[in-house]
Student: 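Just passing along the structure, written as structure tokens.
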Amino acid sequence: DDPPDGHDFKPLVRSNTLKYWKKSISYFMPNKMMAWNELADVGNPTRSVGLNKLIKHVLRDEVRGQGAPSKTRQSITTKEYIAAQDNQGGIHGGFIDRPIREQLLAIYSQISGLRRSQEDFREEFRNECNQSKRNYQVLNANLQRIALAPARRTSRAATTGERNPQPNDPVATLSPTPRTLFILWQEYTYGIAG
């Protein structure tokens, strides 16, 4: 059942914990695929509507920031490192122990170096992409120019140096059975004699 309106109940565990427990219990159920029957109390209770509603409510509370705090672990942040470095007192002496402090400084230095090299790599990658883009633009411009003005056939008058060329080219002699279309085009363009 749903809790009464105006309640101040807060979930003690995360929704992923509930899902894991549900999965673990469901593993040992003899009839895993059978849905839960509320009237006869038979079937797989992990497939009941009430349990799925509960998980949904816990997830909703997590999204709203009213659920159990997250217990995920992540690497130390810069602020946490500086705060730990400043904390010299305490029961166990904090970071007075030099080898641990030096190790943390070395790790922090390596992380900073990796960040710098990553930024350098990104900059180099951007430059390469821009250069490739410029090369493709030049190539596309050349291809469009060639497509607009394909190679022109030179007339025999231009190659022989005649002053008044004939308006029409003479008819080319063609072989009776050319083997390919390319050979036929060459014969048409230049004649059999070349």
Side-chain angles (χ1 to χ4, degrees), residues 14-24 26-27 29 31-35 44 46-47 49 51-53 55-56 58-60 62-65 67 70-81 103-194:
R14 305 281 289 181
S15 63
N16 284 335
T17 306
L18 292 175
K19 288 177 187 175
Y20 176 73
W21 289 346
K22 174 183 168 182
K23 180 180 173 184
S24 300
S26 180
Y27 178 79
M29 286 292 139
N31 296 326
K32 292 179 191 176
M33 299 308 292
M34 186 176 175
N44 187 351
T46 60
R47 296 188 68 196
V49 176
L51 180 63
N52 291 327
K53 266 183 160 180
I55 293 173
K56 191 184 292 184
V58 170
L59 182 62
R60 185 192 62 205
E62 285 175 17
V63 171
R64 292 179 178 172
S70 176
K71 296 191 174 44
T72 56
R73 298 291 173 252
Q74 59 187 13
S75 45
I76 189 168
T77 62
T78 308
K79 288 181 182 178
E80 291 172 340
Y81 175 74
Q103 288 175 7
L104 286 174
L105 286 172
I107 290 171
Y108 184 71
S109 173
Q110 289 176 351
I111 291 172
S112 299
L114 286 173
R115 284 184 183 150
R116 280 192 301 273
S117 62
Q118 184 182 17
E119 287 300 319
D120 293 343
F121 175 75
R122 282 184 182 159
E123 186 63 31
E124 186 177 334
F125 184 73
R126 278 191 215 110
N127 290 339
E128 290 293 327
C129 286
N130 290 337
Q131 183 63 36
S132 297
K133 199 180 289 185
R134 282 192 293 270
N135 290 342
Y136 285 132
Q137 287 172 347
V138 168
L139 183 65
N140 284 334
N142 288 338
L143 287 174
Q144 287 175 353
R145 188 187 54 175
I146 290 171
L148 291 176
R152 294 189 188 117
R153 221 174 90 187
T154 57
S155 66
R156 290 192 181 113
T159 56
T160 58
E162 293 179 17
R163 291 189 146 237
N164 293 325
Q166 297 293 332
N168 294 330
D169 286 340
V171 178
T173 33
L174 303 175
S175 65
T177 55
R179 288 181 295 167
T180 64
L181 188 60
F182 179 72
I183 293 173
L184 178 66
W185 179 253
Q186 277 188 328
E187 289 176 2
Y188 173 75
T189 306
Y190 300 110
I192 291 180

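This is a predicted model, so every value here is computed, not measured.
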Student: Going by the rule side-chain hydrogen bond (donor to acceptor under 3.5 Å, both in side chains), which residues pair with Arg134 if we only count those two or more places apart in sequence or in a different chain?
Tutor: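 Partners of Arg134 by the side-chain hydrogen bond (donor to acceptor under 3.5 Å, both in side chains) criterion, ordered by chain and then number, come out as Gln131.
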
Student: Using the side-chain hydrogen bond (donor to acceptor under 3.5 Å, both in side chains) criterion, which residues pair with Asn16? Sequence neighbours excluded.
Tutor: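 side-chain hydrogen bond (donor to acceptor under 3.5 Å, both in side chains) list for Asn16, sorted by chain: empty.
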
Student: Among all residues two or more places apart in sequence or in another chain, which pass the ring-ring contact (aromatic ring centres under 6.0 Å, His included) test with Tyr20?
Tutor: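 By the ring-ring contact (aromatic ring centres under 6.0 Å, His included) rule, Tyr20 matches no residue at all.
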
Student: Once salt bridge (Lys or Arg N to Asp or Glu O under 4.0 Å) is applied, do any residues pair with Arg47, and if so which ones, sequence neighbours excluded?
Tutor: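 Arg47 satisfies salt bridge (Lys or Arg N to Asp or Glu O under 4.0 Å) with no other residue.
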
Student: Not counting sequence neighbours, list each pair that qualifies as a side chain to side chain donor-acceptor pair (under 3.5 Å) and has a residue in residues 110-119.
Tutor: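 Those involving residues 110-119 are Glu119-Arg122.
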
Student: Only counting residues at least two apart or in another chain, list the ones meeting salt bridge (Lys or Arg N to Asp or Glu O under 4.0 Å) with Arg126.
Tutor: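 Partners of Arg126 under the salt bridge (Lys or Arg N to Asp or Glu O under 4.0 Å) test: Glu123.
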
Student: Determine which pairs satisfy ring pair (Phe, Tyr, Trp, His ring centres under 6.0 Å) with at least one residue from residues 114-142, sequence neighbours left out, and list them in order.
Tutor: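 Non-adjacent pairs meeting ring pair (Phe, Tyr, Trp, His ring centres under 6.0 Å): zero.
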
Student: Would you check if Arg14 and Thr17 make a side-chain contact, meaning some heavy-atom pair closer than 4.5 Å?
Tutor: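 Heavy-atom side-chain distance check passes, below 4.5 Å.
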
Student: Which residues pass the side-chain hydrogen bond (donor to acceptor under 3.5 Å, both in side chains) test with Thr177, not counting sequence neighbours?
Tutor: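 In terms of side-chain hydrogen bond (donor to acceptor under 3.5 Å, both in side chains), with neighbours along the sequence ignored, Thr177 is linked to no residue.
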
Student: Taking atom CG of Asn135 and atom NZ of Lys133, what is their separation to the nearest 0.5 Å?
Tutor: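 Here the interatomic distance stands at 12.5 Å.
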
Student: Can you tell me how far the CG atom of Asn44 sits from the CE atom of Met29, to the nearest 0.5 Å?
Tutor: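 The CE atom of Met29 is 5.5 Å from CG of Asn44, to the nearest 0.5 Å.
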
Student: For Thr180, what residues pass the side-chain contact (heavy atoms from CB on, under 4.5 Å) criterion, not counting sequence neighbours?
Tutor: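 Once residues adjacent in sequence are excluded, the partners of Thr180 under the side-chain contact (heavy atoms from CB on, under 4.5 Å) criterion are Phe182, Ile183.
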
Student: Output all residues satisfying side-chain contact (heavy atoms from CB on, under 4.5 Å) with Ile55, sequence neighbours left out; order by chain, then residue number.
Tutor: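 Only Ser15, Leu18, Lys19, Lys22, Leu51 meet the side-chain contact (heavy atoms from CB on, under 4.5 Å) criterion with Ile55.
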
